Student: 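Here you go, one structure.
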Amino acid sequence: MSYDQVKQASKTIIGTKQAVKAMRAGQVTELFVALDADSGVTDPAILLAKEIGVPVRLVESKKELGKACGIHVGAAVVAITAM
């Protein structure tokens, strides 16, 4: 379900710092956050997304989220951009 949305996205940004930067620039349409990630890592992105009205989707696994992005390591935060 949510992993498929990430797989089908034309442009993704992986990582909290990069996602926050892209959200501040107004480029993010949706944010995906892994539930098994450390909240210290994910909270800054979640708080900013809620503040600016970017939808946040929670997914079960960092490993699966990373896999959906085509990387071989886990991803705690992935942003989908409008391009």
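Because the structure is a prediction, the values reported are computed rather than measured.
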Student: Are any of the side-chain heavy atoms of Val77 and Phe32 separated by less than 4.5 Å?
Tutor: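 No - every pair of side-chain heavy atoms lies 4.5 Å or more apart.
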Student: Any chain of hydrophobic side-chain contacts (each under 4.5 Å) joining Val6 to Ile71?
Tutor: yes
Student: What are the two closest heavy atoms between Pro44 and Ser39, and how far apart are they?
Tutor: CD-O, 4.4 Å
Student: Are Ile13 and Val73 co-members of a hydrophobic cluster defined by side-chain heavy atoms under 4.5 Å apart?
Tutor: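 Val73 does not cluster with Ile13.
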Student: Could you go through residues 14-23 and list every donor-acceptor pair under 3.5 Å that involves a side-chain atom there, pairing it with any protein atom two or more places apart or in another chain?
Tutor:
from, atom 1, to, atom 2, distance (Å)
Thr16, OG1, Val41, O, 2.9

Student: Indicate if Val56 and Leu47 have the same hydrophobic cluster label, given that clusters are the connected sets of ILVMFWY residues with side-chain heavy-atom separations under 4.5 angstrom.
Tutor: no
Student: CD1 of Ile80 to CD of Gln27: how many Å apart, nearest 0.5 Å?
Tutor: 14.0 Å
Student: Give the minimum heavy-atom separation between Ala9 and Thr12, together with the two atoms involved.
Tutor: CB-CG2, 3.8 Å
Student: Identify every side-chain donor-acceptor pair in residues 57-64 under 3.5 Å, counting partners at least two apart or on other chains, and give the distances.
Tutor:
from, atom 1, to, atom 2, distance (Å)
Arg57, NE, Glu30, OE2, 2.6
Arg57, NH2, Glu30, OE2, 3.3
Ser61, OG, Lys63, N, 3.1
Ser61, OG, Glu64, N, 3.0

Student: Within this structure, what is the CG-CG distance for the pair Asp43 and Leu48, rounded to the nearest 0.5 Å?
Tutor: 12.5 Å
